Amino acid sequence: KHLISGSFSLAVVAGLQALRYSKAVYGTNSLDVIPAYLLLAEANMGLNRLEMANKYLEFGNWAILKNPNCTYELRSQLHRNFGKLYTSQEKYSKA
């Protein structure tokens with residue numbers, strides 16, 4: 001909701017809360033924490049905090065690597081966000 005309306009700072013707060021709850025319920029390396037990482041990455045990209053966005057995407061990537069039965073949909077969302085990040089950083093060869 002906050003991402004769509006452009007309230008990126010509120011989206012960060014909501015994402016951190018979602019991440020906290022997801023980790024408490026499902027565990028740190030569960031696939032269920034990845035949507036919170038993606039939300040945090042997108043919100044930080046909206047705030048032009050590209051280093052933080054990269055950090056959250058790397059955490060999501062690590063969770064996917066730890067779970068080989070991850071869906072292609074989740075992998076696609078992660079790679080799409082990496083593409084957005086690299087485009088923002090003008091790393092077009094990686095995007």
Side-chain angles (χ1 to χ4, degrees):
K1 174 181 171 182
H2 296 300
L3 279 178
I4 294 170
S5 67
S7 302
F8 299 115
S9 57
L10 291 176
V12 169
V13 173
L16 287 171
Q17 190 69 25
L19 181 61
R20 203 172 298 124
Y21 288 146
S22 297
K23 283 183 175 182
V25 172
Y26 302 110
T28 305
N29 291 324
S30 170
L31 291 176
D32 294 309
V33 300
I34 296 173
Y37 285 134
L38 295 177
L39 172 69
L40 284 164
E42 286 187 56
N44 278 292
M45 279 189 269
L47 293 170
N48 205 30
R49 297 182 195 159
L50 303 180
E51 300 264 333
M52 287 299 294
N54 188 47
K55 176 180 142 183
Y56 287 119
L57 289 175
E58 286 176 356
F59 285 145
N61 193 36
W62 179 251
I64 285 177
L65 290 174
K66 298 291 271 183
N67 295 286
N69 58 345
C70 179
T71 65
Y72 290 115
E73 179 184 1
L74 205 50
R75 290 175 193 264
S76 171
Q77 291 172 354
L78 178 78
H79 292 296
R80 185 174 47 231
N81 281 325
F82 267 122
K84 288 179 190 177
L85 175 67
Y86 292 146
T87 301
S88 298
Q89 294 173 330
E90 298 181 358
K91 296 179 180 177
Y92 301 117
S93 61
K94 288 186 175 184

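Quick caveat, the model's predicted, so the values are computed rather than measured. Residue numbers start at 1 and run along the sequence shown.
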Side-chain heavy-atom pair Val12, Leu40 within 4.5 angstrom cut-off: yes

Quick one: are Met45 and Asn81 in side-chain contact, heavy atoms under 4.5 Å? yes

Residues 82-95 side chain polar contacts: donor-acceptor under 3.5 Å, at least two apart:
residue: Thr87; atom: OG1; partner: Gly83; partner atom: O; Å: 2.8
residue: Ser88; atom: OG; partner: Lys84; partner atom: O; Å: 3.0

Listing request: all side chain to side chain donor-acceptor pair (under 3.5 Å) pairs with a residue in residues 58-73, at least two apart in sequence or in separate chains.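 Every pair satisfying side chain to side chain donor-acceptor pair (under 3.5 Å) with a residue in residues 58-73: Asn54-Glu58.
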
What distance do Leu57 atom CG and Arg80 atom CZ have between them, rounded to the nearest 0.5 Å? 11.5 Å

Spatial distance of atom CD (Gln77) from atom CD (Glu42) [nearest 0.5 Å]: 8.5 Å

Give the table of side-chain donor-acceptor pairs shorter than 3.5 Å for residues 17-39, with sequence neighbours excluded, one pair per line with atom names and distance.
residue: Gln17; atom: OE1; partner: Arg20; partner atom: NH1; Å: 2.7
residue: Gln17; atom: NE2; partner: Tyr21; partner atom: OH; Å: 2.7
residue: Ser22; atom: OG; partner: Ala18; partner atom: O; Å: 2.8
residue: Ser30; atom: OG; partner: Asp32; partner atom: N; Å: 3.1
residue: Ser30; atom: OG; partner: Asp32; partner atom: OD2; Å: 3.4

